[in-house]
Amino acid sequence: MISVRLPDGSIRQFEQAVTVADVAASIGAGLARAALAGRVDGVLVDTSYLISKDVDLGIVTDKDQDGLEVIRHSTAHLLAYAVKTLYPEAQVTIGPVIENGFYYDFAYKRPFTPEDLQAIEQKMQQLAKQDVPVTQRVVSRDEAVAFFAGLGEKYKAELIEAIPSADDIKLYTEGEFTDLCRGPHVPSTGKLKHFKLMKVAGAYWRGDSNNEMLQRIYGTAWAKKEDLDAYLFRLEEAEKRDHRRLAKQMDLFHLQDEAPGMVFWHPKGWSLWQNVEQYMRKRLSAAGYKEIRTPQIMDRTLWEQSGHWQNYRENMFTTDSEKRDYAIKPMNCPGHVQVFNQGLRSYRDLPLRYAEFGACHRNEPSGSLHGIMRVRGFVQDDAHIFCMESQVIEEARAFNLLAMSVYKDFGFTDVAIKLSLRPPKRAGSDEVWDKAEEGLREALRACDLEWEELPGEGAFYGPKIEYHIKDAIGRSWQCGTLQLDFVLPERLKAEFVAEDNSRQRPVMLHRAIVGSLERFLGILIEQHAGSFPFWLAPVQAMVLNITDRQGEYATEVAHRLQEQGFSVDTDLRNEKITYKIREHSMQRVPYLLVVGDKEMEAGVVAVRNRKGEDLGQLSIDELVNRFKTDIADRS
RNA sequence: GCCCAUGUAGCUCAGCGGUAGAGCACUCCCUUGGUAAGGGAGAGGUCACGAGUUCAAUUCUCGUCAUGGGCUCCA
């Protein structure tokens, strides 16, 4: 007898070994139809899995998160099946599940066109409708290699060869198509209903840019039609928030061919920028940072000394003059060490915190540029803390508090922490790296934070803590960073006089909170979909007159608000009030102040907020109070 | 840097082997209208750049640049 315990605790007994599908059928016909896979003692298996001993069993359906994964994974296989049917010469490689869907990489003699994509999707639909059974068999590794090599599938054979020869390998077959896979898969293609192919893109074989480029087809798949529709709708909504699109609509900035990756800021965009920069400046100043300014261009020898020339030469903009080579600074840190090195420092001066909103330039590969999210010319809220080792943890703790508080002010509350550890290409001894990595772990523990560790992702001079913030539509952005560096102070010969009168190296903490201002503004634009909170809005209020008669009064109202430090414009054009309201509503101005004869006589304004609500008539003083409250609330 | 797609008026986009079109925006005129588009007229383009094919190229081909989507990279 075999006992199968179900998630509700009930136990079913069977005379002999049964499959997951059999158990589902014994419970009900509906469940048998819905079964996509099984969970046997916590392990996902196919519905054809034979249960031959007592187990805990859950039937996985599309209501299950695991069920959705199975659907996506099986849809990737269906994609490969369709491609092999239409283009038998195409070679299959890998097809994993990703967020919201899946992809599959193929090698083919010519690129897939958008028309091919349509044909492939149609073929997938057709194969799904035919409800082709998906069967599984286990073979030895050598058999599997021979099988795929025989088919001329060299990528697949290469993948399998990497598996230990003693291991068994699962092959899944649907119709004419057989693929290597650890599974599980849906029992037949008819379970796959709600999918869509999204795009074709190039992708390197095994993710290595030295390898040939394959063609990746991305797709999305869902359990229900409503889920698919909702996902496509979300994509459309995200597109409406696109910072490039909003920047055009709201006249914030532009990019042009002559300056790839470098931003032309328009008045309103720059106003937004200044709101962020001035805010950061205040926060840094209050936290004991001193702002400095260092040169844009410095001699090659300095960059050789710092190690940047050796590590990043091809990504640095350089220039020369009178037989000297120069580099345009890609980072502020070497400059900051030069300031530190002026004069003799005492341990009493430490920690010394230098901040700079310095414009840096990095010659990023052309293909990686992206709006203002990835640029070649950028400014960070950059600072370097020179301190003693004994001060690192306290500095890290203070930085963490500051960073979290800044994120909160900008409306970001979901922040994930990651710790990037030593990369293969690095400066400094292993001993120093051990010390630096452990130092940051200790700092994180002191902040009572949870973090994820990323081996190999650190900077060449030191490990780093990264702050990833999640935006309004669930995307994650790395903004803040705290990097512990024993290497640059050594290379650039920073030193201070210790208590015992010896000369010692300071430790350097590289840190930023919002990171690249360009990118952070892009994030803010998308986070708020252009409807910036009052304290950040480039134009906080517009005064609109109803007829020419109130033009002078409208100007006076604007002046009085401007005197109080608010960014207020007037729209005195000869247009109907409905027209002006529409236009400035679309510009997402927080407050529209309408003045007609009534308001002019009473010395007030009629206030309309961005939601379209009528806030009634307010005096200028009342309005100023309201504005001040909004600023204090950061709403 | 690599793969694919795209580049037409300020913006969004049609179009096409015979040297260009719409809507919005802009300018002028009429209209002075009370909470999301009043009416009329006008101006505006070396069709990204360079070369080739052709009697003729914005249109076809190739190259360059840029942008977009990915991959790689991101001190």
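Because only heavy atoms are used, hydrogens play no part in the values below, and waters and symmetry mates are left out as well, while side chains stay in. Since we're looking at a predicted model, the values are computed, not measured. Here is the naming used below: chain letters follow the sequence lines, and residue numbers restart at 1 for every chain.
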Closest to the A:R362 side chain: B:G33, B:C74, B:G70? B:C74

By nearest heavy atom, map A:D242 and A:R549 onto RNA chain B; which one lands nearer the 5' end? A:R549

B:G38, B:G34, B:G69: which one has an atom nearest the side-chain heavy atoms of A:A201? B:G69

Residue matched to B:A36 through Watson-Crick or wobble contacts both under 3.5 angstrom: none

A:Y579 side chain, from C-beta outward: closest of B:U72, B:A37, B:A66: B:A37

Counting any heavy atom closer than 4.0 Å, what does A:F112 reach on the DNA or RNA strands: base, sugar-phosphate only, or nothing? nothing

From the list B:U12, B:C73, B:U35, which nucleotide is the closest neighbour of the side chain of A:P365? B:C73

For A:P330, which contact category applies under a 4.0 Å heavy-atom criterion: base, sugar-phosphate, or nothing? base

Selected nucleotide, minimal atom distance to A:K248 side chain, candidates B:G1, B:C11, B:A36: B:C11

Could you measure between the two C1' atoms, the one in B:A57 and the one in B:G15, and give it in whole Å? 15 Å

Phosphate OP1/OP2 of B:C26: any A:R573 side-chain N/O under 4.0 Å: yes

I need the single residue from A:Q540, A:M250, A:R588 that forms a side-chain contact (heavy atoms from CB on, under 4.5 Å) with A:F532. Which is it? A:M250

With both distances under 3.5 Å as the test, what is the Watson-Crick or G-U wobble partner of B:A43? none

Could you pick out which residue, A:C333 or A:S585, lies toward the 5' side of RNA chain B when each is mapped onto its nearest nucleotide? A:S585

So, under a plain 3.5 Å distance rule, would you say the side chain of A:R245 forms a donor-acceptor pair with the base of B:C11? no

Rounding to an integer number of angstrom, what distance separates B:C11 and B:G7 when you compare their C1' atoms? 15 Å

Under 3.5 Å, is there any donor-acceptor pair linking the side chain of A:D614 to the base of B:U35? no

Identified pairing partner of B:A48, criterion: Watson-Crick or G-U wobble below 3.5 Å: B:U64

Do the side-chain N and O atoms of A:Y591 and A:D630 include a donor-acceptor pair separated by under 3.5 angstrom? yes

Base, sugar-phosphate alone, or nothing: which one does A:R608 contact when heavy atoms must sit under 4.0 Å apart? base

Within 45 degrees of the axis of the six-membered ring of A:W303 and under 6.0 Å from its centre: does A:R300 put its NZ or CZ there? no

When you measure from the side chain of A:I546, which nucleotide among B:C74, B:A25, B:G33 comes out closest? B:G33

Counting side-chain heavy atoms from CB outward, which of B:G69, B:G34, B:C71 is closest to A:Y218? B:C71

Polar pair under 3.5 Å, donor/acceptor by atom type, side chain A:Q550, base B:G34: no

So, are A:E613 and A:R608 salt-bridged, with charged N and O less than 4.0 Å apart? no

Check the pair A:K464, A:E457 against salt bridge (Lys or Arg N to Asp or Glu O under 4.0 Å), reporting the backbone distance first and the verdict last. CA-CA 8 Å; A:K464 56 183 181 186; A:E457 300 285 313; over 6 Å; no

N or O in side chain of A:H370 less than 4.0 angstrom from B:G69 OP1/OP2: yes

If the cut-off is 4.0 Å, is A:R244 near the phosphate of B:G68, judged by side-chain N/O to OP1 or OP2? yes

Give a yes/no answer on whether the side chain of A:T578 brings an N or O atom under 4.0 Å of OP1 or OP2 in B:G38. yes

Please confirm whether A:F386 and A:F340 have ring centers closer than 6.0 angstrom. yes

Does the structure place the NZ or CZ of A:K435 under 6.0 Å from the centre of the six-membered ring of A:F486, at an angle of no more than 45° from the ring's axis? yes

Does B:A75 have A:Y312 stacked on its base, where the ring centres are within less than 5.5 Å and the planes differ by under 30°? yes

Decide yes or no, distance alone: a donor-acceptor N/O pair under 3.5 angstrom between the base of B:G70 and the side-chain of A:Y204. no

Side-chain atoms of A:M213 come closest, of B:U35, B:G1, B:C3, to B:C3

Applying a 4.0 Å non-hydrogen cut-off, can you work out what A:G307 is touching in the nucleic acid: base, sugar-phosphate, or nothing? nothing

Using the P atom in both, what is the distance from B:G10 to B:A48, to the nearest Å? 13 Å

Give me the distance, rounded to whole Å, that separates B:U64 from B:U72 when you measure between the C1' atoms they each carry. 23 Å

From the list B:A66, B:G34, B:A36, which nucleotide is the closest neighbour of the side chain of A:K598? B:G34

Measuring to OP1 and OP2 of B:A75, would you say a side-chain N or O of A:K464 lies under 4.0 angstrom away? yes

Who pairs with B:A9 - Watson-Crick or G-U, where each distance is under 3.5 Å: none

The nucleotide from B:G69, B:G1, B:U35 with an atom nearest the side chain of A:S368 is B:G1

